[in-house]
Amino acid sequence: MKNKGKQRGSTNTPKQMDTNRGAASPSTSVLRYLCQPTDPANLAILRIAFGTLMMIDIPQERGMSHADVRWGRKDVCRFPLFSDLKVAPLEWMYIIYLIMFIGALGITLGLFYRISCLLFSSTYWYIILLDKTAWNNHSYLYGLMGILLMAVDGNRCWSLDGLINKSINNAHVPFWNYFICRTQIFLVYFIAGLKKLDQDWITGYSMQKLSRNWVFDPFRLLLTDEQIDLFIVHIGGLTIDMFGGIFLLFDKTRPIAIFFLSSFHIMNSTMFSIGMFPYAMLATLPLFCAVDWPRKVIPRLPKFLRVLFSTETENRPSSHCLYSKEEIKPEGENLDNKVPVNSQSAPPTSPSLVHRLGVTFTIIHITIQLFLPYSHGITKGYNNWTNGLYGYSWDMMVHSWTTQHVRLSYKDKISGKEGFLDPAAFVDSVGKRWSSHGDMVVQYAHCVADILKNYNMSVELYFDIWKSMNKRFQQRMFDPRVNIMDVEWSPFKEVSFAMPLLLDLSPWRSKLQEMEKELIDTSNYTDVVFVADFPGLHLEAFIQEDLGNTSITLLSGSVVVELVDLNKNYSLNPGDKIQVPPGQFHKVHTVSEEPSCYMYIYINTTYVEIMEKVETVEKTMSEKNISAETAIKRKLSRQDPYVDDVRQEIERRHTEVKEKTFLDGVKEFITKKVKMLTRSWTFLVGALQSVVLRSSFDDFLDKKYSENEKANSILPETVT
């Protein structure tokens with residue numbers, strides 16, 4: 001029977017039911033409110049969009065296309081959340097990706113829905129937990145959405161499960177299904193806004209020079225780049241995050257929120273390499289609209305698209321919802337706004353265990369999501385200059401980092417030998433974030449020590465890691481005097497060897513920017529690094545031969561510069577400057593009671609000399625109207641060590657670079673994605689053959705790598 005009245009659950013938020021049982025307790029009222037029946041159409045759109053985006057995400061950001069690069073090496077250090085969590089053999093890692101993809105496909109089609117959600121979520125979280133260095137907020141969000149979709153009735157509309165089992169097809173879903181998903185997305189925006197109340201963000205130090213992107217060209221008509229960075233990027237980003245989620249909750253402000261949030265996500269997709277995140281957030285915006293909005297839109301779609309969706313409008317009752325007696329109509333009666341009932345299964349009017357479990361899960365999940373972003377007072381072992389591991393706090397883009405250097409030194413307790421190790425030799429190209437977190441430094445140290453045991457070495461390990469956060473001075477993150485092998489780390493205790501962020505020096509940042517701009521304006525070949533160090537410590541550095549003009553200028557505090565090879569010491573007071581010789585080691589000792597601040601000014605004299613020769617050759621080419629090679633022979637001797645460099649620079653300058661058209665960009669994008677997908681499935685087939693036929697996967701890899709060298713047709717793509 002067709003329902004001619006207003007569709008039940010057609011509004012964005014259903015009204016509380018009148019149970020005619022007198023005054024209900026608050027808990028019962030909440031239970032009935034969250035279990036009210038609503039249209040499943042909007043939830044089905046979320047399911048389809050999420051599953052589709054995850055199928056695209058798996059070969060890209062999840063790493064299926066370069067799984068051999070990421071997971072294939074056995075001699076590198078890993079950073080799992082739990083030490084007992086290990087990487088499976090490479091061929092089985094591909095099988096895990098396949099299971100994840102099958103799960104995402106099942107979610108999209110609504111086929112064996114909850115099993116598909118379980119397949120996707122279990123393999124997804126396994127990949128995430130294997131590598132803390134790859135954590136980010138949107139990867140965490142995908143994992144949460146996989147769990148939420150497993151809990152809600154996402155297959156009640158436009159699903160293959162509904163075609164197989166007619167009793168669930170177009171059946172009501174309880175309102176808590178929408179409430180929990182909407183609340184999760186709301187918290188992403190709102191907590192991100194709260195996190196952006198950080199002083200560094202408000203004052204514009206978190207994301208500088210972003211204004212250079214072409215998406216800000218319209219704003220350049222009225223604002224300078226510096227003003228765009230401050231007012232549009234920082235203040236605008238704070239405003240959108242803080243109020244976007246709130247505006248989505250109300251009918252009158254929702255169109256405004258959707259417009260600005262859509263623009264925000266589209267801009268992000270052009271500025272950052274963050275995979276499917278902008279599109280995933282775009283896909284969640286309709287979730288806040290009326291639960292039956294797809295039924296109003298689908299009839300207006302082209303005919304070839306309408307065939308994909310059922311046009312049935314009457315919802316079936318569901319045992320997962322709670323109904324009032326007034327909402328139920330006996331079978332065969334034609335009453336508007338009523339739920340049909342037959343003699344075999346009457347819609348529930350009283351709460352059962354199923355209803356209580358659904359509401360309890362909703363409350364527990366929301367409570368956890370409110371708690372986790374501010375739980376860092378408990379998980380102190382994951383704190384450093386920022387709180388917690390990056391990924392579950394929604395502090396997106398609040399902190400930007402630069403690394404000056406990472407030095408790893410060792411002392412062999414057996415032979416007494418001391419030396420340095422290349423810190424990049426024991427990690428893959430993806431895992432670069434380990435050096436910013438004390439827990440991962442400890443993991444890395446023990447991994448390196450285990451590797452060195454194979455060479456009959458029992459070592460002490462010392463890390464000297466210099467970083468800058470949000471345009472501050474470069475400074476040490478960890479105490480270089482501490483043997484990390486002796487450190488006892490606990491997730492509930494502060495990192496004992498961490499050095500504090502020198503917040504008292506933050507006011508220097510505006511002055512440092514002015515000094516840097518002035519120096520760079522003076523010479524295009526000048527680079528500057530601002531350094532701060534703690535009392536009693538020293539910085540040891542080696543100046544490369546190319547940097548023939550390098551100086552140290554003291555800004556505050558007191559230091560002694562030790563020229564190691566010359567065996568000379570020089571004391572510096574604020575304002576003093578000293579040249580340091582290239583090709584030699586030197587040490588800068590902080591001897592004041594307060595931290596010292598100084599700057600290195602580098603001029604690459606080799607590059608300057610090359611550029612001067614290039615200008616001379618190009619001038620001769622213009623005056624004499626001769627070729628570059630002839631001019632080089634006239635102006636440079638054969639013994640000139642920079643002849644090849646000059647020749648390459650001139651070729652680079654005079655090579656006509658064809659400006660890419662829009663179609664060229666589209667073609668390049670499609671070609672890149674096709675190669676990525678081809679590589680993913682080619683290596684997956686090889687893994688399946690290896691498992692089924694018990695053949696060597698290493699032989700398969702060697703064959704493909706050999707083919708790659710010859711044809712260069714299967715290229716790995718690393719997504720960061």
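All residue numbers in this chain count up from 1 along the given sequence. Bear in mind that the values here come from a model prediction, so they are computed numbers and not experimental data.
- Between atom OH of residue Tyr598 and atom OG of residue Ser556 there is a gap of 11.0 Å, rounded to the nearest 0.5 Å.
- Side-chain contact between Glu540 and Phe585: present, with at least one pair of heavy atoms (C-beta onward) separated by less than 4.5 Å.
- The list of side chain to side chain donor-acceptor pair (under 3.5 Å) pairs with a residue in residues 489-507, not counting sequence neighbours, reads Arg472-Ser506.
- In this structure Leu370 satisfies the side-chain contact (heavy atoms from CB on, under 4.5 Å) test together with Leu187, Ile366, sequence neighbours excluded.
- The structure places CE of Met397 at 5.0 Å from CE of Met207, a figure rounded to the nearest 0.5 Å.
- Annotation: Lys411, atom NZ; neighbour count of heavy atoms from other residues, nucleotides and ligands within 6.0 Å does not exceed 12.
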With side-chain contact (heavy atoms from CB on, under 4.5 Å) as the criterion, how do Arg78 and Leu130 come out once you've worked through the C-alpha distance, each side chain's angles and the decisive distance to 0.1 Å?
CA-CA 8 Å; Arg78 308 288 181 187; Leu130 269 181; over 6 Å; no

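- Residues Val608 and Asn604 have side chains not in contact (no heavy-atom distance under 4.5 Å, counting atoms from C-beta outward).
- With sequence neighbours left out, Tyr462 forms a ring pair (Phe, Tyr, Trp, His ring centres under 6.0 Å) with no residue at all.
- Applying the salt bridge (Lys or Arg N to Asp or Glu O under 4.0 Å) rule to pairs touching residues 440-458 yields Asp450-Lys453, sequence neighbours excluded.
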Val442 and Asp439: side-chain contact (heavy atoms from CB on, under 4.5 Å), yes or no, with the steps?
CA-CA 5 Å; Val442 173; Asp439 62 300; 5.9 Å; no

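- Residue pairs meeting the salt bridge (Lys or Arg N to Asp or Glu O under 4.0 Å) criterion with at least one member in residues 414-427, sequence neighbours excluded, do not occur.
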Cut-off 3.5 Å, no hydrogens considered: what does the side-chain donor-acceptor table look like for residues 80-94, sequence neighbours left out?
| from | atom 1 | to | atom 2 | distance (Å) |
| --- | --- | --- | --- | --- |
| Lys86 | NZ | Ser83 | O | 3.2 |
| Tyr94 | OH | Asp68 | N | 3.4 |

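- A donor-acceptor contact under 3.5 angstrom links the side chains of Gln474 and Thr402, judged on distance only.
- When the ring pair (Phe, Tyr, Trp, His ring centres under 6.0 Å) test is applied to Tyr607, the partners found at least two apart in sequence or on another chain are Tyr525.
- With values rounded to the nearest 0.5 angstrom, Gln184 atom CD is found 6.0 Å from Leu148 atom CG.
- Every residue meeting the salt bridge (charged side-chain N to carboxylate O under 4.0 Å, His left out) condition with Asp464, not counting sequence neighbours, appears here in chain and number order: Arg407, Arg476.
- Using a 4.5 Å cut-off on side-chain heavy atoms (C-beta onward), Tyr189 and Met281 make contact.
- At a threshold of 4.5 Å between non-hydrogen side-chain atoms, the residues Trp135 and Leu129 count as touching.
- Ring centers of His405 and Phe420: at least 6.0 Å apart, outside the cut-off.
- Residue pairs that meet the salt bridge (Lys or Arg N to Asp or Glu O under 4.0 Å) test with at least one member in residues 557-580, sequence neighbours left out, do not exist here.
- Residues Leu408 and Leu461 form a side-chain contact, since some pair of their non-hydrogen atoms from C-beta on lies under 4.5 Å apart.
- Between Ser393 and His376 the shortest side-chain heavy-atom distance falls below 4.5 Å.
- With sequence neighbours excluded, no residue satisfies ring pair (Phe, Tyr, Trp, His ring centres under 6.0 Å) with Tyr410.
- Counting non-hydrogen atoms of neighbouring residues, nucleotides and ligands closer than 6.0 angstrom, the CD atom of Gln544 reaches no more than 12 such neighbours.
- Taking the ring centroids of Phe190 and Trp394, they lie at or beyond the 6.0 Å cut-off.
- Screening Lys195, Lys471, Arg509 for a salt bridge (charged side-chain N to carboxylate O under 4.0 Å, His left out) involving Asp200 leaves a single residue, Arg509.
- Below 30°, between 30° and 60°, or above 60°: for Tyr140 and Tyr392 the angle between ring planes is above 60°, a perpendicular geometry.
- For the atom pair Trp385 CH2 and Leu501 CG, the distance stands at 5.5 Å (nearest 0.5 Å).
- Distance check: Lys467 NZ to Phe478 CZ gives 8.5 Å after rounding to the nearest 0.5 Å.
- Looking only at side-chain heavy atoms (C-beta outward), Gln475 and Leu505 stay at 4.5 Å or farther from each other.
- For the 3.5 Å distance criterion, the side chains of Ser206 and Lys196 fail to qualify, holding no donor opposite an acceptor.
- Every side-chain contact (heavy atoms from CB on, under 4.5 Å) that Phe426 has, sequence neighbours left out, goes to Cys77, Leu421, Tyr444, Val448, Ile451.
- A 4.5 Å side-chain heavy-atom check between His138 and Glu61 finds at least one atom pair inside the cut-off.
- Relative orientation of the His589 and His538 rings is tilted, given thresholds of 30° and 60° on the angle between their planes.
- For the residue pair Asn549/Gln579, the side-chain donor-acceptor check at 3.5 Å is satisfied.
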How far apart are the C-alpha atoms of Phe497 and Asp486, what are their side-chain angles, what is the distance that settles it, and do they pass the side-chain contact (heavy atoms from CB on, under 4.5 Å) test?
CA-CA 11 Å; Phe497 58 95; Asp486 292 338; over 6 Å; no

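- Between Val459 and Asp412, the shortest heavy-atom contact is CG1-CA, 4.3 Å.
- Residues satisfying the ring pair (Phe, Tyr, Trp, His ring centres under 6.0 Å) criterion with Tyr570, sequence neighbours excluded, are absent altogether.
- Summarising the geometry, atom SG belonging to Cys597 is positioned 7.5 Å from atom CG belonging to Leu502; distances are rounded to the nearest 0.5 Å.
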